[in-house]
Peer 1: 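Please see the structure below; I have some questions.
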Amino acid sequence: MAEDRYDETCSEASSACSQIGANNCNHFFHRLCCSAPSWNWNTTTTTTVTPPPPPGRRIFHRDVEKEAFQYASSSHCLSSYYSVFVVRLAIMVMLAILIGLLTILTWHFTKIYTTKSLQTLAYDLRYELLQRPILRMWNILNSTAEITTAQVKLSQYVIRRYSNPANQAEQVELYEAMRAITWALFSSKKALNSITINYKNGFVQAFHRDLKDNNTSYIYSDLVNYSMVASNSNEMNFISAHQSWDDKAIHGNKSAIWYREPLDPVTGDKIGKAMQIAPEDLINIAGLSQVPDGVASWHVAVSKFTDSPLLSAALPVWDSSNKSIMAVVGVTTALYSVGQLMKELVEMHSGHMYLTSQEGYLLATSTNAPLLTNSTKSPRLKMAVDCENEVIKLGAEWLQRAYGNHSPPSHEVHVENAKLGHQQYYIDSFFLNLKRLPLVGVIIIPRNHELRTPMAAVIGLLDILISDDCLTNEQYSTVTQIRKCSTALLRLLNNILDLSKVESGKLVLEEAEFDLGRELEGLVDMFSVQCINHNVETVLDLSDEMPKVVRGDSARVVQIFANLINNSIKFTPSGHIILRGWCEYPNSCNSSPIFPLEQKKSRCIQKSREKQNANNVKRTTKRDNKVILWFEVDDTGCGIDPSKWDSVFESFEQADPSTTRLHGGTGLGLCIVRNLVNKMGGEIKVVRKEGQGTLMRLCLTLSTPIDVTEQHCALDLTDNSLVVLLALHGNMSRLITSKWLQKNGVCTIEASEWNGLTQVLRDLFHSRSPVHNNDNFDAHYPATEGLKSKLLNILDMKNPVFIIVVDIGLLDLSTDIWKEQLNFLHRYFGRARFVWMLNHDTSNNIKMEIRRKGNVLMVNKPLYKAKMVHILEAVMKERNLELQKRNNMIGSRAAAKEGELYEFLEIDSTHFDVGSSDDSDTSETVGSNPVSVNGDKQLELVTRSPPSSTYKINNSLVGLTNEHLEDNNNARKEESCQSSPSSSNHAIEEIEPKSLSTKESSQGEDSERGETHRAAGPNNNAVNGKNSLEGLRILLAEDTPVLQRVATIMLEKMGASVVAVGDGQQAVDALHCMLGVEDCRRDSLQKDRNTRSQTEILTSPYDLILMDCQMPKMDGYEATKAIRKSEVGTGLHIPIVALTAHAMSCDEAKCLEVGMDAYLTKPIDFKQMVSTILSLTKRTTS
Amino acid sequence: MDVVTQMQRQLLQYTSSLFKEGFLDDQFNQLQQLQDESNPEFVVEVVTLFFEDAERLLNELSKSLEQESIHFRRVDAHVHQLKGSSSSIGAQRVQRVCIAFRNFCEQQNVEGCLKSLQEIKQEYSLVKTKLETLFKMEKQLFAAGGSSVSR
């Protein structure tokens, strides 16, 4: 609305402007023209004609020039040149104004027009909706009228035939005939409630249908009492006839006795005895009073036999001379079918409808609320304002309040935002002006649904159309396009509705505990996928003090940041987007917040100011463990003009309107953000920042759970002498990670590109004292001095652990150079731990190659704290394990072997020899030299913390093997390289049951492979992609035969052997059977004391299970649970990969929850399956 | 023109038309890539498996939808299976209808289910004839001396 006003003033201003411009112009021209009067005409045209400029003007210019030339020598020369210039200037200004005006007007009208047409659409829909029940009502009226007229005509005919019944017999004959025709009519219209005929003499005949139990009955009054009297008084005049049968004569006449005779509803035959009925049980009988002026009448009646109001019509039957009324015919129809229709309509479109008489009595509603008051005496009609349905009641009250009893002259009301209760509604009422029975229809529709529902319907219909096969290709693409647009429109609608929801205060925030850090990490992960194309890095920088778990509405918090980051991404073509977060505990005011990185000074000043604001909050919320969380979204985009810093948060506002076309968006995102932030007790604003871009700062007040106090990462990094080399492309993430690591006592070195990395590597590993050959440093290394001292520090360290985080982006992937680069890095393999930062679109080819080099720590970008912590944990765990192993192997030949494997350069090998990760080697050592190793291990076992397995206490040998297996598993978890399958092949094949024929057939091969493996040693990883699963035994549980077959072939093609089963139960059995055999075996072995094969037996018969989630008998989840349960205490952990049809994250969660290790979505992607299996089985040792 | 090359071209055209009209998707390509000397009939085998499975499921579906009180969970499970197998041979139009079908199942919308079943049957018979034609063409080509897998 504000914009509308703005437009108006703007257009006024500009039109005024153009007026002034025109006047000025004229003025100039008058002053100028002394020789050419025709110019004046020209000027007037230019003021009215819009561009393109009329050709006349060009001539005019030329004229001026010519003339100016002619008078060049005169003293006028200068002034005329000046005037020409001014005129041209004036024309230009005018044109500019006109164009501007045109643009603004166009925009204005488009906007107005869209709003209007949307409103018209909505109005049409409501109108159509209400028209239908009104039409139904109209139909009922019509058919009732028809029946009544027919009945009257027939009665007239019959009565005239017996116009003067001479005796009772004739009279009876008359009544019999009347009964017959009335029944014929009555039975033909099932909707009729009753037909009554009230004769002049007071005799009444009536058919009545009880709609509740579908009983039909014939009602008549006692003939004997007054029939003869009536026939005697046949000559009575008109007036006396009137007096003799008014309504009282019927209801009040004590002498009249009424009978009800049950009838067969179809044939009309009498099926029971006539019973006398009490006067109060009588139905409505239309009497003379209802036709006072002798013409037809309508009214709404009630009866105790139905819940619905009855529409009743009455018509008189005239005698042949048309002078006296012989009888009155009454017909009543129930109105409930109108209500039924209304119910059906609102079911589809939501909302409420009702129909009232002019006085406001309810006739039909779209709800099940009763329409009649059930007073003790007799049911009565209800007013709409007394309706039991809340919405109808409120609506009726609202209408009454707004219009009182004087409804508007046209009787039509259209209100677009009536507030009933907490919600906004459309209210429309329509008037049906029947002469005797004026009706009012009202429709009340909640404002929200009315737009969303049709949109959803449109999309649904399009989906149906798309799945239709009769479309041509062009049609298909068009429809797909429409569908896309519709979804976009629906999103816009949802945004608008969201906004109105927040603004109207209807949004209720959820209060639940959630992991704030993880939510934000997920968000950044998601956005970094989008950013890859943009050359923008997304960085998450949360301070360590942030509480891990907070209480609040996680979805809305995420929505805030999603909108903000989305906004930043839209306007940031290159650079970075940083989401910073830190917190402030209200009860520790003086603990100055930790500012991540730059802008500390400026922020401090602002901060102290903001703190004062926050002070109020603090005092009140101290007890609730509230915490104020500060966030910043910092981008390097195009920035926002300071004058727009407030208005960007208004709805439909983008800092520069022209950006809409470029960047899209609804202009609602930031508005929603501000509303949500305010709702969470916070503030958001744009803050001045140094350099390019926008900095938005917001605070949220959230509570932390009281029981969870300080649960920050307890990882102690300081005394582990870790050295992290961050070779990352993105400046910001590198800087932030490095700062964080240094703060936690980890030494870091940074490199931003390949040359820098190689330089650092050389300095670190090749030279004992890098200080001496400092001329090697690249010129673009600014921190040469710092680096030097760092290197010196590192060299002073005892047993440093090097972690090299390498961005895949540092490699030259456009050519084949990356392979060389990988080989180069591989030279440092034994001395440092490599962690690869991958892009989401890094090809499997490269991943495979990296993995083949023995690198298994791979993380997707972006790098943030939590990921770094994981990396460090993994490395440290592995190092501890390796240290342990190394201790075990002191004196063995392992160390010597390693010396052969890696060309150690001039560096002291003991510093960097951390056992490398050549596990195949160590396991082989275990196999070939079991006694000594076992002995060592036994010692180890005693000194270690109490193990969970009971075997260890009972039997040292079994405990021993368990220990070994545990080690294996640990190694697996830490993604170290393990070749257990090949080393245990022999043993398993010995005990393999013959039923598993696939296994059997591959037996020979297996043993052979085992040999080659050992022979080939670490160089075996040069296998090409084709057989990368060679030697793996995979159990496939899948019920769909097609999928079973496809997956089997896929796996077999990669060299794996597959056993397929049809459901979860079979999978569990297949595994159990093997485990059972092992158990026996183990027992017997214990007796035999056969130490040789002991270590080899206790691995699982399969290397991996592929498990479909939905299967008959036992589904994948259950089966996994069962398998994991059976593994408890055995130290086994068979990798289970879920096969699921849904790509939803909740399924993933479920899979992981029951103990699966990974999941694949159907249809199976070949490459993804292979890489998943590989990453879980770790066969590719180096 | 050489008969074999002509046939080969026809086969190629037909295959690409199947992809273009959305009967098949990339999954079918993957199937073809899995076929080699050790499994020369792999595609035909799997597709035949799919036909059997689909017919069984369609029968089950018709039966369960005819019943008075419909066991929607069971219907859903059947449709799920059909979706799985159709997606793994790349019959994406069948798969798409399955998705709609499952939505109706969730809403317990009997009419929608019946309609979807009708659609699935239609899609299935369509894709079946198309694939059978494809195999016949391949066979003929093979008989004429060309290589069976045209890529």
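If you're wondering where the values come from, they're calculated on a predicted model, not measured in any experiment.
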Peer 1: Does B:Glu111, at its CD atom, have more than 12 non-hydrogen atoms belonging to other residues, nucleotides or ligands within less than 6.0 Å?
Peer 2: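 Check fails, neighbour count at 12 or below.
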Peer 1: Would you give the length of the straight line joining atom CD of A:Gln1044 to atom OG of B:Ser88, rounded to the nearest 0.5 angstrom?
Peer 2: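 The CD atom of A:Gln1044 sits 11.0 Å away from the OG atom of B:Ser88.
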Peer 1: Shortest non-hydrogen contact from A:Ile1049 to B:Phe42?
Peer 2: CG1-CE1, 2.8 Å
Peer 1: Looking at residues at least two apart in the chain, or sitting in another chain, which of them share a side-chain contact (heavy atoms from CB on, under 4.5 Å) with A:Ala1037?
Peer 2: A:Val1061, A:Ala1067, A:Met1107, A:Met1111
Peer 1: Sequence neighbours excluded, which residues qualify as side-chain contact (heavy atoms from CB on, under 4.5 Å) partners of A:Glu849?
Peer 2: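 Applying side-chain contact (heavy atoms from CB on, under 4.5 Å) to A:Glu849 gives A:Trp818, A:Leu822, A:Arg852, A:Lys853.
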Peer 1: Which of residues 45-57 of chain B have a heavy atom under 4.5 Å from any heavy atom of chain A?
Peer 2: B:Glu45, B:Val46, B:Leu49, B:Phe50, B:Asp53
Peer 1: Would you mind checking which part of B:Gln81 comes under 4.5 Å of any heavy atom in chain A, side chain (CB onward), backbone (N, CA, C, O), both or neither?
Peer 2: both
Peer 1: Does A:Asp1115 have any side-chain contact (heavy atoms from CB on, under 4.5 Å) partners at least two apart in sequence or in another chain, and if so, which?
Peer 2: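 By the side-chain contact (heavy atoms from CB on, under 4.5 Å) rule, A:Asp1115 matches A:Tyr1117, A:Glu1118.
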